[in-house]
2 protein chains.
Amino acid sequence: MRVEIVTIGDELLLGFTVDTNGAHIARELAAVGVEVVRRTSVGDEASEIAGAVRDALERTGAVITTGGLGPTADDMTKPSIARLFGRELHVDETLLAQLAERWRKRFGTELPASNRQQVAIPDGARVLTNRHGSAPGIWLEDERRRWVAMLPGVPREMRGMLADELLPLVRERAAMPNESPRVVRSRTVRTTAIAESAIADRLGEIARGVDGLALAYLPGPDGVDLRLTSRGLDATAADAALTHGAERLRERVGRHAYGEDAADLAAVVLDACRAAGLTIAVAESCTGGLLGARLTAIAGSSDVVVGGVIAYSNDVKVRQLGVDPDALAEHGAVSEAVVRQMARGVRERLGASIGVGITGVAGPGGGSPEKPVGTVWLAVDLAGAEPAVHRGAFIGDRAEIRYRAAQHALEMVRRLVAGASRPR
Amino acid sequence: MRVEIVTIGDELLLGFTVDTNGAHIARELAAVGVEVVRRTSVGDEASEIAGAVRDALERTGAVITTGGLGPTADDMTKPSIARLFGRELHVDETLLAQLAERWRKRFGTELPASNRQQVAIPDGARVLTNRHGSAPGIWLEDERRRWVAMLPGVPREMRGMLADELLPLVRERAAMPNESPRVVRSRTVRTTAIAESAIADRLGEIARGVDGLALAYLPGPDGVDLRLTSRGLDATAADAALTHGAERLRERVGRHAYGEDAADLAAVVLDACRAAGLTIAVAESCTGGLLGARLTAIAGSSDVVVGGVIAYSNDVKVRQLGVDPDALAEHGAVSEAVVRQMARGVRERLGASIGVGITGVAGPGGGSPEKPVGTVWLAVDLAGAEPAVHRGAFIGDRAEIRYRAAQHALEMVRRLVAGASRPR
């Protein structure tokens, strides 16, 4: 089955809004084996909407729209598509009563007259229930079984309606009698603290793909994500191939892989510490609280995270962490000697099992030939073990350098806790 | 002048990539008075590209494409559009020499044969120089003056080429003999610590717009942004109207407005402190370092930010900030008594002029009838002044509650430093 997506709204043509709805629908359809062949965005004008939907229907006979279902005069999607199908619009009294009731409960007032048009339904249409907002969706179909599904433009409402109402209908319609549909699905193996080229070397003969799955390298501040994509298999075979492919990647990449898909390294570290009965304290200079913020972003982090010291000034490094003023004077704040003392100091003073120290030059100013922008010293001090220390040379702007430094620190904790050797 | 945008790439149809290129081009064109009437995304297939560009050309005679200019077999944009125009492709030897030279310098090897197709240029085309990558852009025009401009899909390369090469050409082409072009431009007044409805009340008769400018309310974790949009004026008149309109909004919104367009409240606060010769230290419980991270994200923050204490556990609150254990026992960690002591403690111990304290229930667990999720106590302690204290009831998930708490704390610092009264 081939589908086109038409997203509607002047904001899209003015570039005020990025079309995340179109991307979401495309991904969800690909995952159940429905091919999106074109995406179109048009403004709120009736003739433009009708033109784009008519052309799309002629090409594929199957169109999903988003936007233009609200209560204002701008919202032209339903009338223009109903006219295309030669249908009249009539207010659905049951839906109207429900909407008025919801309105009274929420705002304590009568439903404004302008909201009536939200429950005007084209004759012969099927209503798609909206559990997250006031505008119902519409499924309209002609005698040749060509169909248009209209979803609201508010992302939360659109996503719910797509999952609950529309995808089941589309899957039913797409089902072919004697074969399972071919799907496009992907799985990502997340790596960090290793370069793209070093990963390719480790992968060897599977560097371009494995088991017929395409492999993409997606480098970013988190590290390099390895995305496997399956095309042309049915859902069961695709999932099995992706599971096996991801395992093969992980075997080769080894300790550099920390999780799959949306895995967050901070959550992985918290789980590892929790399992080992360890607590963490952080001492942050150039990252200024970013590492603490990442760890505490995870719900339930309080059983592992004790706290930390944001040691932005040298005075705080000395007074709150016990860094030796002579070490600061001799080696500078961005040095191995200071980062070791920061990590040990925060661990001891805050009473944690693990102390993490970060001090570096995030830029854009402050660099020198010996310590250029991007130079960051990292230390992880685990009671009773030799501290892990690393001098990073991170790339990017100030925000990226800080983010990469915090990510690398997390990875050092993960490896130290896992008992593996330290990252180079 | 009316233009269509065609973005090319299988990733767009699979939803792996969100079409930020299309939004960027649309915004830049609107700002110089060029109307985008439709955006289309197609896959990497030659027939799909040709079909979409042909249809767009028939509607408007002016098309901008992105993507499909790379060196691999997937990159079909140039050959398919050249065929549409009935032109042959020939390798440009000058461009080839330049590309080979760049390649040698960068990688120390000969240019791979596959890269030759990047400098194959349709006969009669104008080359758009790429200062940020290897694929040149193409401007192709027929005898009826209908044109297609092809830009690369890598956002950094596309943006540079659009600004340096294509926009000047489009402006030249769009210029009408006797009138300045009508543009669409916008300006945003940023507010925080005030509800949307309260803003509308304050705006009174300009709540729907001012001076013929449309007004949109855009609520988010930063606060409510007020976006004014000018349509139908030329650039000079639009800028004047936006400046005047923004002033009128700011008069009505008063101290709740902290900046315009991309202004970051953290940078505003740092500037205000710097001007007043004040320094800041933070004591963060539920935000776990987020406020420190926001402040130190700004380059040059070290002359204002001394540092802070991430006081996630009660023990750290007592030992590192001097919070009274009895106050913790009596009122709980999320209380006015504790947040006041956190703010004063971090100010005194770290030797700053201003201490900020944050302690709250970020959720999803940990709420109670008295202190539901979203309850956050905030205090700003400025030496010699009565501390500002606020009990926030922030909405959203854990990430939003934490972000809103840090943002509100910044706003409290801004107002205290400005000598204005505190937010309610």
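In what follows, chains carry the letters A, B, and so on, assigned in the order in which the sequence lines appear, proteins first and then strands, with residues in each chain numbered from 1. Note that this is a predicted model, so its numbers are computed, not measured.
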Task: Per-residue contact mode, B:Val184 against chain A (heavy atom under 4.5 angstrom) - done: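 Only the side chain of B:Val184 comes within 4.5 Å of chain A.
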
Task: Per-residue contact mode, B:Arg185 against chain A (heavy atom under 4.5 angstrom) - done: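 For B:Arg185, no heavy atom lies under 4.5 Å from chain A.
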
Non-hydrogen atoms of chain B under 4.5 Å away: do they reach the side chain of [X], the backbone, both or neither?
X        : result
A:Ser302 : both
A:Thr7   : neither
A:Leu12  : both
A:Val282 : side chain
A:Asp55  : side chain
A:Arg349 : both
A:Ala30  : side chain
A:Val306 : both
A:Arg38  : both
A:Glu284 : side chain
A:Ile298 : backbone

- [ ] Supply the atom-to-atom distance A:Thr279 OG1 to B:Tyr312 OH, rounded to the nearest 0.5 angstrom.
- [x]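 That separation rounds to 14.0 Å.
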
Open item on the list: Among B:Gly292, B:Ala283, B:Gly22, B:Ala297, which residue has the highest count of heavy-atom pairs closer than 4.5 Å to chain A?
Closed with: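 Greatest number of close heavy-atom pairs with chain A: B:Ala297.
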
Open item on the list: Using a 4.5 angstrom heavy-atom cutoff, name the option from B:Cys286, B:Ala399, B:Ala52 with the most pairs to chain A.
Closed with: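 Result: the option with the highest number of such pairs is B:Ala52.
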
Among [options], single out the residue with the greatest number of heavy-atom pairs under 4.5 Å to chain B.
options                               : result
A:Gly288, A:Gly363, A:Ser313          : A:Gly288
A:Leu290, A:Leu13, A:Val36            : A:Leu13
A:Asn314, A:Val6, A:Thr20, A:Thr40    : A:Thr40
A:Gly51, A:Ser41, A:Ala26, A:Ala299   : A:Ser41
A:Arg294, A:His24, A:Arg231           : A:Arg231
A:Asp315, A:Val305, A:Leu291, A:Thr17 : A:Val305

Open item on the list: Considering only residues two or more places apart or on different chains, which pairs with a residue in residues 5-34 of chain B satisfy salt bridge (Lys or Arg N to Asp or Glu O under 4.0 Å)?
Closed with: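 Checked against salt bridge (Lys or Arg N to Asp or Glu O under 4.0 Å) - neighbours excluded - the pairs reaching residues 5-34 of chain B are A:Arg227-B:Glu11, B:Asp19-B:Arg39.
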
TODO: Could you pull out all residues at least two apart from B:Asp397 that satisfy salt bridge (charged side-chain N to carboxylate O under 4.0 Å, His left out)?
DONE: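 Partners of B:Asp397 under the salt bridge (charged side-chain N to carboxylate O under 4.0 Å, His left out) test: none.
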
TODO: Locate the shortest heavy-atom distance separating B:Thr296 from A:Arg402; write the atom from each residue and the value.
DONE: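 Minimum heavy-atom separation between B:Thr296 and A:Arg402: OG1-NH1, 2.8 Å.
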
